[in-house]
Amino acid sequence: MAKPQTNKEIAKLLRSVAAAYSLKKDDQFRVIAYDRAASSIEHATSELKDLWDDGKLGELAGIGSSIASHLDELFRTGEVKHFKEVMKGYPPAMFELIFVPGIGPKNAYRLCRKLKITRAKTALEELEKAAKSGKIAEIAGFGVKSQQEMLKALEAFKKGQTKANRMVLPYADALAQELILYLKKCPAVGRADPLGSLRRKVATVGDIDIAVTTQEPNKVIDWFIRYPQKQKTIERGSTKASILLKNGRQVDLRVGKPKAYGAMLQYFIGSKHHNIHLRELALKKGLSLSEYGIKKGKKLIEYASEEAFYQALGLDWIPPELREDTGEIEVAQEGKLPNLVETADVKGDLHIHSDFPIETSHDEGADSIEEMLEEAEELGYEYLGFTEHNPSTSQHNVKQRIDLIKRKRDKIDKLNYSRENKKRGRGNKLPVLALNSLEIDIRPDGELAIPEKALAILDFAVVSIHSSFSLSRREMTKRVLAALGHPKVKILGHPTGRKINEREGFELDWEEIFDFCLKYDKWLEINAWPNRLDLPDTLVREAIKNSVKLVISTDAHTKEHLTLMEYGVSVARRGWAQKADIINTLGYNEFLQVMKH
DNA sequence: GCCGTTTTCGGCCCGACTGTTTTCAGTCG
C-alpha cells in the first residue's frame with residue numbers, strides 16, 4: 001500500500017500487521033492489540049491525521065505509546081520500519097486475501113505459499129483463477145467444498161468493493177420488518193426482534209440480525225431457511241443460522257428460550273466492543289458472561305430481561321444506542337446514564353420543503369404548505385419551519401427575489417391567521433403554525449444567496465453548503481462562520497455535507513464552530529434524511545460536550561417524509577442527546593423566545 | 001501491545017459452525 005493516509009487505509013495496515021503477528025507463534029495478545037487499534041481507528045470521530053496534528057493520538061482507545069509512535073513515524077515519513085520488519089518474509093498478496101470473508105491469516109498465507117501467489121495487486125485474480133482450475137482443492141486442508149465457497153466469497157467481495165456495501169438504516173429496517181412478519185407466521189416462534197447494529201440504530205447496517213424465542217429451535221430454523229427471498233444458506237446449526245438474501249444481504253438468526261432471552265438480547269445487540277468490555281468487567285467480579293446467561297463457577301443463572309442481566313452486573317440498563325464502548329459502561333456504574341431524547345419529545349420540524357413556487361434552482365417539495373401542516377397535526381407537532389431553497393440567483397434580479405420571498409411571507413401570515421381563528425372556534429388546542437424561513441445557500445466566499453433586505457422578511461434562516469465542497473478546512477470554516485454570522489441565521493443545515501455511500505463530508509474546524517455556536521446562539525442541524533444523518537452521531541456527542549444546542553429536522557420534500565424524524569432522533573440518541581439539548585423539543589411559544597435571541 | 005476502583009505486572013471475552021478431520025483449526029460475530 002502506498003503511503004496510507006486515511007483512517008480506512010491505516011486501519012487496513014494495522015490489520016495486516018496483526019495478521020503477520022498471528023502467524024508468528026510468540027504473542028497472540030499482540031494480535032488482539034493491533035486488531036483492536038484497527039477497529040478503534042475505523043470508528044474514530046476524526047481523521048487520525050488531524051488527531052496526530054493536535055498531539056491527541058493517545059486519546060483513542062487501544063492506541064498506546066508503542067502504536068502511537070509507529071503512527072507518528074507513518075505521518076512523518078510515509079512508512080513504518082517496524083511494520084515492514086514484522087511483515088517481512090510474508091507474501092504481500094496475503095495481506096490482500098485476509099480481507100476476503102472466510103479467509104483468515106493462516107489460510108491466506110497457506111494459499112499464497114502453495115499457489116505461489118506473491119503480488120498484492122493481482123492476488124484476488126490469481127486466487128480466483130486457481131479456484132476455477134481446481135488447484136485449491138488439491139491443497140491439504142482444503143477440499144472441493146471450501147474451494148467453491150472461496151470462489152463465491154471472492155465474487156461477492158469484488159462486487160462489494162465496487163458498490164457501497166452497507167445499507168442505510170430505513171432500508172435495513174424495512175428488510176428486517178418483512179423477515180419478522182414471515183417468522184411470526186411460524187407457530188413455534190414467540191418473540192422476534194431485530195438486533196445488532198440495526199437495534200443500536202447505527203447510520204448504516206451491514207447484516208440483519210434477528211433473535212427469536214422458542215421452545216422448538218429446530219422448527220424455527222427450518223422455517224427461517226425456507227424464507228422465500230433466500231438465495232442460499234450460509235450456515236445452519238442448532239442455535240443459529242445465516243442466510244444470504246436474493247438482494248445480496250446476509251441475515252443472521254439466533255434462537256433461544258424465553259426464560260434466558262435477556263442474555264440473548266444483550267449478546268446479540270452488541271456492540272462487540274461493548275460486550276467485550278462487559279465481559280472483562282464481569283471477570284473481575286468472578287463472573288463469566290455469555291449469550292446464555294451469567295456463570296458463577298459452574299452455575300449458570302438465566303435472565304429473562306436485559307434489565308435483570310445488567311442489574312446482576314451492578315449496572316443500570318443501557319439504551320442500545322449507547323452501546324459502543326465509549327464510556328457508557330463507566331457511566332452506568334455510577335448510575336448517571338443520560339435520559340435520552342425521544343421522538344415524542346419533538347414539537348416541530350425546522351427544515352422542510354413545500355411546493356410553494358419560490359422559483360429555486362434546487363429541488364422543490366411536492367406537497368402544499370397546507371397539506372404539510374395537516375400532516376404535522378397528526379404527528380402532534382406545534383409548528384413547522386418552511387425552508388424552501390432560496391430563489392435562484394441567476395434567473396432573478398434582486399427585486400424579483402425579494403418579491404418572491406414577500407409573497408411567501410403573506411401566504412404564511414394569512415394561513416396562520418385563518419388556522420388560528422378556525423381552530424380556536426372549535427376547541428382550545430392551538431393548531432400547528434407555520435414559520436417563514438428558507439434554506440439559503442452559502443456561497444464559496446461565505447455570502448448568503450439572498451439579498452440582505454430579504455433576510456428581514458424571514459422568521460429565521462437555515463444555511464447550507466450545496467457547492468464547492470473541496471475547499472480547505474480553513475477556508476470552509478471561514479465560509480461557514482461568515483454565513484452563521486448573520487443575525488437571522490439560526491441553523492447550519494446538514495453541517496458536514498456527507499452523503500452516505502456517495503461522498504465524504506467536507507472538513508471543518510469543529511472546535512471553532514462549536515465555540516461560535518455557543519457564543520452567538522446558533523444551532524447545528526441533525527438532518528434525518530436517510531443518506532445524510534448529518535451531523536453524524538460522533539459529532540453530535542462532541543457538540544453536546546461543548547454545550548452546543550441542536551435541532552433535529554427531516555428535510556422533508558413530501559408530507560410523508562415528516563415521519564423520518566425517528567431516524568434523526570436515533571442519531572441524537574447515539575450522540576447522548578437529552579431533551580434539553582434539542583431546540584425543537586420546545587413548545588411553540590418557548591421556541592419563538594429562543595429564536596429571537 | 002494495551003491497560004488499571006484487584007494490578008505499573010500480569011492479565012487479556014465467549015461460544016457456534018464448517019470443513020476436513022479422526023479430535024481440531026480456522027473464522028466469525
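The sequence lines fix the lettering, A, B, ..., with proteins before strands; numbering per chain opens at 1. None of the values given here were measured: they were computed from a predicted structure.
- Backbone-only contact: A:Tyr292 has heavy atoms under 4.0 Å from sugar-phosphate atoms and none from a base.
- Put simply, A:Ser242 has no side-chain N or O that comes within less than 4.0 Å of OP1 or OP2 on B:dC17.
- Put simply, A:Phe142 does not rest on the base of B:dT20: the two rings are not both less than 5.5 Å apart at their centres and under 30° in tilt.
- A:Glu302 and A:Lys295 are not joined by a salt bridge, as no carboxylate oxygen comes within less than 4.0 angstrom of a charged side-chain nitrogen.
- At B:dT20, one or more side-chain N or O atoms of A:Ser146 fall inside 4.0 Å of OP1 or OP2 (strictly under the cut-off).
- The distance between atom NZ of A:Lys295 and atom P of B:dC13, rounded to the nearest whole Å, is 15 Å.
- Looking at A:Arg279, A:Glu324, A:Glu328 one by one, the single match for side-chain hydrogen bond (donor to acceptor under 3.5 Å, both in side chains) with A:His274 turns out to be A:Glu328.
- To the nearest whole angstrom, the two P atoms, one in B:dC13 and one in B:dC17, are 22 Å apart.
- B:dT5 and B:dG1 have their C1' atoms separated by 24 Å, given to the nearest Å.
- Comparing the same atom, C1', in B:dC12 and in B:dT22 gives a spacing of 33 Å after rounding to whole Å.
- For A:Tyr267, whose side chain is taken as the heavy atoms from C-beta onward, the closest listed nucleotide among B:dG1, B:dG29, B:dG19 is B:dG29.
- Residue contacts for A:Leu289: at a heavy-atom cut-off of 4.0 Å it reaches the sugar-phosphate backbone alone, with no base atom in range.
- The side chain of A:Arg236 lies closest to B:dT18 when the candidates are B:dC14, B:dC12, B:dT18.
- Under the 6.0 Å cut-off for aromatic ring centres, A:Phe309 and A:Trp317 do not qualify, their centroids lying 6.0 Å or more apart.
- At distances below 3.5 Å, at least one donor-acceptor pair connects side-chain atoms of A:Thr77 with backbone N or O atoms of A:Glu79.
- Straight-line distance between the P atoms of B:dC2 and B:dT6: roughly 23 Å, to the nearest whole Å.
- In the set B:dG29, B:dC2, B:dT27, B:dG29 carries the atom at the smallest distance from any side-chain atom of A:Asp207.
- With rounding to the nearest 0.5 Å, the separation of OG in A:Ser271 from NE2 in A:His43 is 7.5 Å.
- In the set B:dG15, B:dC12, B:dC14, the nucleotide with an atom closest to the side chain of A:Arg279 is B:dC14.
- Between A:His274 and B:dC13 there is no side-chain polar atom (N or O) within less than 4.0 angstrom of OP1 or OP2.
- Among the nucleotides B:dG29, B:dC28, B:dC17, the one closest to the side chain of A:Lys272 is B:dG29.
- With B:dG1, B:dT6, B:dC14 as the choices, the nucleotide that has an atom nearest any side-chain atom of A:Lys284 turns out to be B:dT6.
- Annotation: B:dG26 and B:dT20 have their P atoms spaced 14 Å apart (nearest Å).
- Contact annotation: A:Ser65 does not reach the phosphate of B:dG1 (side-chain N/O to OP1 or OP2, under 4.0 Å).
- The side chain of A:Glu291 approaches B:dA16 more closely than any other nucleotide in the set B:dG1, B:dA16, B:dT27.
- The side chain of A:Glu280 has B:dC13 as its nearest neighbour among B:dC13, B:dA16, B:dC2.
- Of the candidates B:dG1, B:dT27, B:dG15, B:dT27 carries the atom nearest the A:Lys106 side chain, counting heavy atoms from C-beta on.
- Of the candidate nucleotides B:dA16, B:dG1, B:dC14, B:dG1 has the atom nearest to the side chain of A:Phe29.
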Task: Worked check of side-chain contact (heavy atoms from CB on, under 4.5 Å) between A:Leu265 and A:Asp193 - done: CA-CA 9 Å; A:Leu265 286 169; A:Asp193 298 292; 4.3 Å; yes

